[in-house]
Engineer: 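Pasting in a structure now, in structure tokens, and then I'll have a few things to ask.
Remember, predicted model here, so these are calculated numbers, not experimental data. No hydrogens, no waters, no symmetry mates; every other heavy atom, side chains included, goes into these values.
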There are 2 protein chains.
Amino acid sequence: MKVLKIPEPTVVRLSLYSRFLNQANDKGMDIISSDEIGVAVGIPSAQVRKDLSYFGEFGIRGVGYRVKDLCEQVDKLLCVNQPWPVVIIGAGHLGKAMATYKGLLDRGFEVVALFDTDSDAIASSASSEEVSDNLPIYPLRELERVVQEKKIKMGIIAVPAESAQSIAEALIQTGVASIINFAPVVLNVPEHVEIRNIDLTVNLEVLSFNLGMRSS
Amino acid sequence: MKVLKIPEPTVVRLSLYSRFLNQANDKGMDIISSDEIGVAVGIPSAQVRKDLSYFGEFGIRGVGYRVKDLCEQVDKLLCVNQPWPVVIIGAGHLGKAMATYKGLLDRGFEVVALFDTDSDAIASSASSEEVSDNLPIYPLRELERVVQEKKIKMGIIAVPAESAQSIAEALIQTGVASIINFAPVVLNVPEHVEIRNIDLTVNLEVLSFNLGMRSS
DNA sequence: AAGTGTGAATCACTTCACAGCC
DNA sequence: GGCTGTGAAGTGATTCACACTT
């Protein structure tokens, strides 16, 4: 039952809608218009309606959307109505920052394990280093066991550029097929694996490019 | 001297080209083809040539590009042939992770100061906490002074969602007009300010959406 | 022969504008 | 009257394919 190809920008916006709708729902709002949603997330109302219309008719003409219903529908589309266990590879500053970040859990993503190469973060600690409550740092050799026991589908790569490709391969080996990559490298992975890169320096360079454009 | 509107995806790719070309140059490569660049960054060669062609003719027909020349040209376009001082607001795990991240300096971005609200990271330390060598954590009230003294144009927001909007306003107040925002909120800012959002949960939700699509 | 540079064609996404319903 | 849903139009980005240069 493939509906039809959904534009990626639409999916990104759905996530923004979801966050806002959950907040609106918590505040007890009952009805909301595409215009209000648009203002909240900085997007034209026609775009909001078009995005939603890919998936069905969720609103009431002349009225708007029931916040609770729309919220549930959008969360279901994004599959955030279920918890997602994730692993993080790399227990450096960034890996630990994400492991302790509460915002993930708020959206249903649970970091169930942090990994690092056997030699570094692990060996340097006495025996069982923990980054926070109940979150041990495992050696990489435990990756396969944990991923399979906990049926993990998503991994976050937070290791240096040099090791990112081999870590990606290790993750894929164990069955993880959805990866967020923070390392500043282009990873190559098989067709069926989805990688999303989050690259701070690329973002900074877009800013510096645009600063350069203005002053010329 | 506005050339013509450059597509944003092109600018993002320029950053990838730059990183790769600098590595190729360091390895002593002399000539490179659009196809080799494309393979390295995972993009079709026609796209590489089209991207470069927005800015001029950098190659030699039938031959390819001189690595050193192209590298210099692309770095100049991105304005990464000059150092950029940046500030980070928010000295939590994420802020500290970025402040100590060497990859920024490699690309010419120097974190010159980390800020936090007066009450938190600062007050809790004895007197002058440092996150690493020579990088003190300043109280927010010092922001304006530092930004203006060091002529800072870029800021990175790494504070909780609740305070991100007011921090953005504070940055803009001091003259910063290019901002990377890690907080999971849509900031509204004046026309002339450029915000780039880096949102981990949005990225994870795109992955969960796509996982949901496959199994249906 | 090999690889760039680029108009033209295609594909993708956004915006418009209005019919349809409450 | 007000707001949704959506084809149609418009805009933007990618891919094609080939003339051009070394």
Side-chain angles (χ1 to χ4, degrees), chain A residues 2-17 20-21 24 29-71 73-74 77 202 206 209-210 213, chain B residues 2-17 20-21 24 29-71 73-74 77 202 206 209-210 213:
Chain A
K2 189 147 246 150
V3 200
L4 79 151
K5 180 67 174 59
I6 306 299
E8 148 155 352
T10 291
V11 182
V12 170
R13 287 188 298 265
L14 277 184
S15 174
L16 300 179
Y17 303 157
F20 171 67
L21 289 168
M29 286 187 67
D30 189 22
I31 294 284
I32 201 164
S33 68
S34 61
D35 194 61
E36 291 173 277
I37 299 172
V39 168
V41 304
I43 277 162
S45 64
Q47 182 79 76
V48 175
R49 295 197 300 280
K50 174 67 89 179
D51 286 338
L52 296 173
S53 78
Y54 287 120
F55 304 99
E57 307 197 4
F58 300 124
I60 307 154
R61 292 180 191 217
V63 179
Y65 303 85
R66 307 200 87 87
V67 174
K68 189 151 176 294
D69 291 358
L70 185 58
C71 195
Q73 298 280 3
V74 172
L77 289 170
V202 167
V206 174
F209 176 89
N210 287 328
M213 285 288 103
Chain B
K2 187 144 248 151
V3 201
L4 79 152
K5 181 69 175 59
I6 306 299
E8 144 153 0
T10 291
V11 181
V12 169
R13 287 188 298 264
L14 277 184
S15 174
L16 301 179
Y17 304 156
F20 171 67
L21 290 167
M29 287 187 67
D30 189 23
I31 294 284
I32 201 164
S33 67
S34 61
D35 194 62
E36 292 173 279
I37 299 172
V39 168
V41 305
I43 277 162
S45 64
Q47 181 80 76
V48 175
R49 295 197 301 279
K50 174 67 89 179
D51 285 340
L52 296 174
S53 78
Y54 287 120
F55 304 99
E57 306 197 4
F58 301 124
I60 307 155
R61 292 180 192 218
V63 179
Y65 304 85
R66 307 200 88 86
V67 175
K68 188 152 175 296
D69 292 356
L70 186 58
C71 195
Q73 298 280 4
V74 173
L77 288 170
V202 167
V206 174
F209 176 89
N210 287 329
M213 284 288 103

Engineer: Any heavy-atom pair between the side chains of A:Ile43 and A:Ile37 that's under 4.5 Å?
Structural biologist: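 No, every pair of side-chain atoms sits at 4.5 Å or beyond.
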Engineer: In whole angstrom, what separates B:Arg66's CZ from C:dG3's C1'?
Structural biologist: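 Rounding to the nearest Å, CZ of B:Arg66 and C1' of C:dG3 are 15 Å apart.
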Engineer: Would you check if the side chain of A:Gln47 reaches a backbone N or O of A:Pro44 as a donor-acceptor pair within less than 3.5 Å?
Structural biologist: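 The answer is no, because no donor-acceptor pair under 3.5 Å joins these two groups.
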Engineer: Give, for atom CD of B:Glu36 and atom CD1 of B:Ile31, the distance between the pair rounded to the nearest 0.5 Å.
Structural biologist: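 Between atom CD of B:Glu36 and atom CD1 of B:Ile31 there are 10.0 Å.
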Engineer: Between A:Ile60 and A:Lys50, which residue's closest nucleotide on DNA chain C lies nearer the 5′ terminus?
Structural biologist: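 Comparing both residues, the 5'-ward one is A:Lys50.
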Engineer: Counting side-chain heavy atoms from CB outward, which of C:dT6, C:dT4, D:dT15 is closest to B:Tyr65?
Structural biologist: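 Given the options C:dT6, C:dT4, D:dT15, the side chain of B:Tyr65 is closest to C:dT4.
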Engineer: Once salt bridge (Lys or Arg N to Asp or Glu O under 4.0 Å) is applied, do any residues pair with A:Arg13, and if so which ones, sequence neighbours excluded?
Structural biologist: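 For A:Arg13, the residues satisfying salt bridge (Lys or Arg N to Asp or Glu O under 4.0 Å) (neighbours in sequence not counted) are A:Asp51.
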Engineer: Rounding to an integer number of Å, can you tell me how far A:Ile43 CD1 sits from C:dC16 C1'?
Structural biologist: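 The distance from CD1 of A:Ile43 to C1' of C:dC16 comes to 17 Å, rounded to the nearest Å.
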Engineer: Do B:Val74 and B:Leu21 have side chains that approach each other closer than 4.5 Å (heavy atoms only, starting at C-beta)?
Structural biologist: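 Counting from C-beta outward, B:Val74 and B:Leu21 do come under 4.5 Å.
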Engineer: Take the C1' atoms of the five end pairs on each side of the helix from C:dA1-D:dT22 to C:dC22-D:dG1, get both axes, and report the angle to 10 degrees.
Structural biologist: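 Taking five pairs per end, the axes differ by 0°.
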Engineer: So A:Phe20 and A:Ile32, do their side chains get closer than 4.5 Å, heavy atoms only?
Structural biologist: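 The answer is yes, as the side chains (C-beta and beyond) meet within the 4.5 Å cut-off.
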Engineer: Taking only nitrogen or oxygen atoms into account, show me every contact under 3.5 Å that the protein makes with nucleotides 17-20 of chain C, one pair per line with its distance.
Structural biologist:
{"unit_1": "C:dG20", "atom_1": "O4'", "unit_2": "A:Arg61", "atom_2": "NH1", "d": "3.4"}

Engineer: Please pick, from D:dT4, D:dT15, C:dG3, the nucleotide with the shortest atom-to-atom distance to any side-chain atom of B:Gln47.
Structural biologist: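 When the side chain of B:Gln47 is considered, D:dT15 is the closest of D:dT4, D:dT15, C:dG3.
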Engineer: B:Pro9 has a side chain; which of C:dT4, D:dA13, C:dT6 sits nearest to it?
Structural biologist: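 Nearest to the side chain of B:Pro9 among the choices is D:dA13.
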Engineer: Within a strict 4.5 Å, meaning less than it, do heavy atoms of the B:Tyr17 and B:Val41 side chains meet?
Structural biologist: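 Yes, close enough: below the 4.5 Å cut-off.
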Engineer: For A:Val63 and A:Thr10, find the nucleotide of DNA chain C closest to each by heavy atoms; which residue's nucleotide sits nearer the 5' end?
Structural biologist: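 Here A:Thr10 is the residue nearer the 5' end.
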Engineer: Please walk me through it: do B:Leu14 and B:Leu52 pass side chain to side chain contact (heavy atoms under 4.5 Å, CB included)?
Structural biologist: CA-CA 8 Å; B:Leu14 277 184; B:Leu52 296 174; 4.2 Å; yes
Engineer: If I take atom CZ in residue B:Phe58 and atom P in nucleotide C:dG5, what distance separates them, rounded to the nearest angstrom?
Structural biologist: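 After rounding, the gap between these two atoms is 9 Å.
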Engineer: Please confirm whether the shortest side-chain N or O distance from A:Ser34 to OP1 or OP2 of D:dT4 is below 4.0 Å.
Structural biologist: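 For D:dT4, OP1/OP2 do have a side-chain N/O of A:Ser34 under 4.0 Å.
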Engineer: Minimum heavy-atom separation for A:Tyr54 to A:Pro7, with atom names?
Structural biologist: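 Heavy-atom minimum between the residues: OH-CG, 3.7 Å.
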